[in-house]
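Below: one structure, written as structure tokens.
Position 1 is the first residue of the sequence, and the numbers go up from there. All of these numbers come straight from a predicted model, not from anything done at the bench.
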Amino acid sequence: MSIKKKPKEDDHEALAGEEEAVTDGQNYVLVPPDGGWGWLVLLGSTLVNMLIPGTLKSFGVLFVEFTEAFHASETAASWIPAICYFLYCSLGPVSSYLSSKYSYRTVTLIGGTLASLGLMLCYFADSVTFLYFSYGMMFGCGAGLAFPPGIFIVTSYFVKYRGFANGVAISGSCLGSMFLPPFLGYLIEHYGYKYKTKNKQNSPPPPQNSCRILNYIIYLIY
């Protein structure tokens, strides 16, 4: 962001979207660039919005796999997304407070790491109860922390194109909901949830699995 002297208090248009800074005893404002590095920030925000809601809305693909793998009832398995969605929606105020106190980047990295660890631990699950903790609580907390800063940070880099930038960032949720479920279905079909049984040629099962592959993607992007 560039720095300029603080405009008059009655110049509301000039003050919109700007943050104050003090340098050498004088008041300045940080002016959003409306482009440049801001486009990369917008790209990162869109990816976060694509992965977090997209993964949450892809649970229907995993639901059948979980009930079959652990011989659980539909009622028991339905508590996994219930816990996850509860934490995802209720941690918005906490994420906003932490973002203001520390930084958007810090909170997003913490949330992304927590969400990735939750998905990784799903590989070691031996019951639906374990998934309550790994997918429901850990991934839910990570998603609840990482999602709000991805929206807030866009407003710090755009003023003139703020409406367009917010629209692009929010569209990531739609893209994730469209493409992640079939992608996850493909992974489960070819790799299985934890492993895939031997194929017709009696070759050994692949070392990877759907949860670990999805975890790698999320962690690398964060």
Side-chain angles (χ1 to χ4, degrees), residues 44-72 74 76-92 94-95 98 105-151 172-196 205-222:
S45 174
T46 304
L47 289 175
V48 171
N49 295 334
M50 181 177 68
L51 288 171
I52 294 297
T55 303
L56 288 171
K57 295 175 182 178
S58 301
F59 186 79
V61 180
L62 292 171
F63 183 81
V64 178
E65 195 71 18
F66 286 157
T67 54
E68 293 179 354
F70 301 114
H71 306 286
E74 296 180 355
S78 64
W79 276 100
I80 302 172
I83 297 172
C84 185
Y85 266 97
F86 170 76
L87 293 172
Y88 168 66
C89 296
S90 62
L91 287 179
V94 178
S95 178
L98 293 177
R105 180 182 300 175
T106 301
V107 178
T108 302
L109 286 174
I110 293 174
T113 303
L114 191 60
S116 298
L117 288 175
L119 288 179
M120 182 176 66
L121 288 177
C122 289
Y123 173 78
F124 303 99
D126 54 2
S127 66
V128 172
T129 305
F130 189 99
L131 293 173
Y132 292 162
F133 171 75
S134 61
Y135 193 101
M137 296 183 65
M138 289 193 65
F139 181 74
C141 288
L145 291 176
F147 179 72
I151 302 298
S173 175
C174 176
L175 293 174
S177 302
M178 290 174 57
F179 296 110
L180 278 182
F183 175 67
L184 189 55
Y186 172 84
L187 291 179
I188 290 178
E189 181 181 355
H190 290 79
Y191 296 94
Y193 155 56
K194 297 184 68 171
Y195 53 83
K196 187 175 179 64
Q208 304 296 345
N209 60 83
S210 301
C211 287
R212 291 172 65 184
I213 293 174
L214 188 60
N215 168 71
Y216 294 155
I217 295 173
I218 293 179
Y219 187 76
L220 286 175
I221 290 180
Y222 275 106

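- Looking at L56 and Y85, their side chains come closer than 4.5 Å, going by heavy atoms from C-beta outward.
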Between F147 and Y88, is the ring-ring contact (aromatic ring centres under 6.0 Å, His included) condition met? List the steps. CA-CA 8 Å; F147 179 72; Y88 168 66; 5.6 Å; yes
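- Nearest heavy atom pair, residue G150 against residue N49, reads O-ND2, 4.5 Å.
- Note that the CD atom of E74 and the CH2 atom of W79 stand 15.5 Å from one another [nearest 0.5 Å].
- One finds the CZ atom of F86 at 10.5 Å from the CE atom of M137 (value rounded to the nearest 0.5 Å).
- The two residues V107 and L145 come nearest to each other via the heavy atoms CG1-O, 3.4 Å.
- Here SG of C122 is found 5.5 Å from CG of L131. Values are rounded to the nearest 0.5 Å.
- Within a 6.0 Å sphere centred on CZ of F133, heavy atoms belonging to other residues, nucleotides or ligands number 12 at most.
- Taking both residues in full, the closest heavy atoms of S134 and L121 are given as CB-CB, 3.9 Å, listed atom of the first, atom of the second, then distance.
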Run the side-chain contact (heavy atoms from CB on, under 4.5 Å) test on I80 and F63 for me, step by step, so that the C-alpha distance in whole Å, both residues' side-chain angles and the decisive distance to 0.1 Å come before the verdict. CA-CA 9 Å; I80 302 172; F63 183 81; over 6 Å; no
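- For the atom pair OG of S177 and CE of M50, the computed distance is 10.5 Å after rounding to the nearest 0.5 Å.
- Of the residues listed (C84, S78, P81, P181), the one engaging F59 in a side-chain contact (heavy atoms from CB on, under 4.5 Å) is P81, and it is the only one.
- For S58 against G54, the heavy-atom pair with the smallest separation is OG-O, 2.6 Å.
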Given F139 and Y135, is the ring-ring contact (aromatic ring centres under 6.0 Å, His included) satisfied, shown in steps? CA-CA 5 Å; F139 181 74; Y135 193 101; 5.2 Å; yes
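- With hydrogens and angles ignored, the 3.5 Å screen pairs a side-chain donor or acceptor of T67 with a backbone N or O of V64.
- Looking at every heavy atom in both residues, G118 comes nearest to M138 through CA-CB, 3.8 Å.
- Of the inter-residue distances, the one linking L117 atom CG with C141 atom SG reads 12.0 Å to the nearest 0.5 angstrom.
- Note that CZ of R105 and CD1 of I110 are 13.0 Å apart. Values are rounded to the nearest 0.5 Å.
- In plain terms, the two heavy atoms of S173 and P53 that are nearest each other are OG-CB, 3.4 Å.
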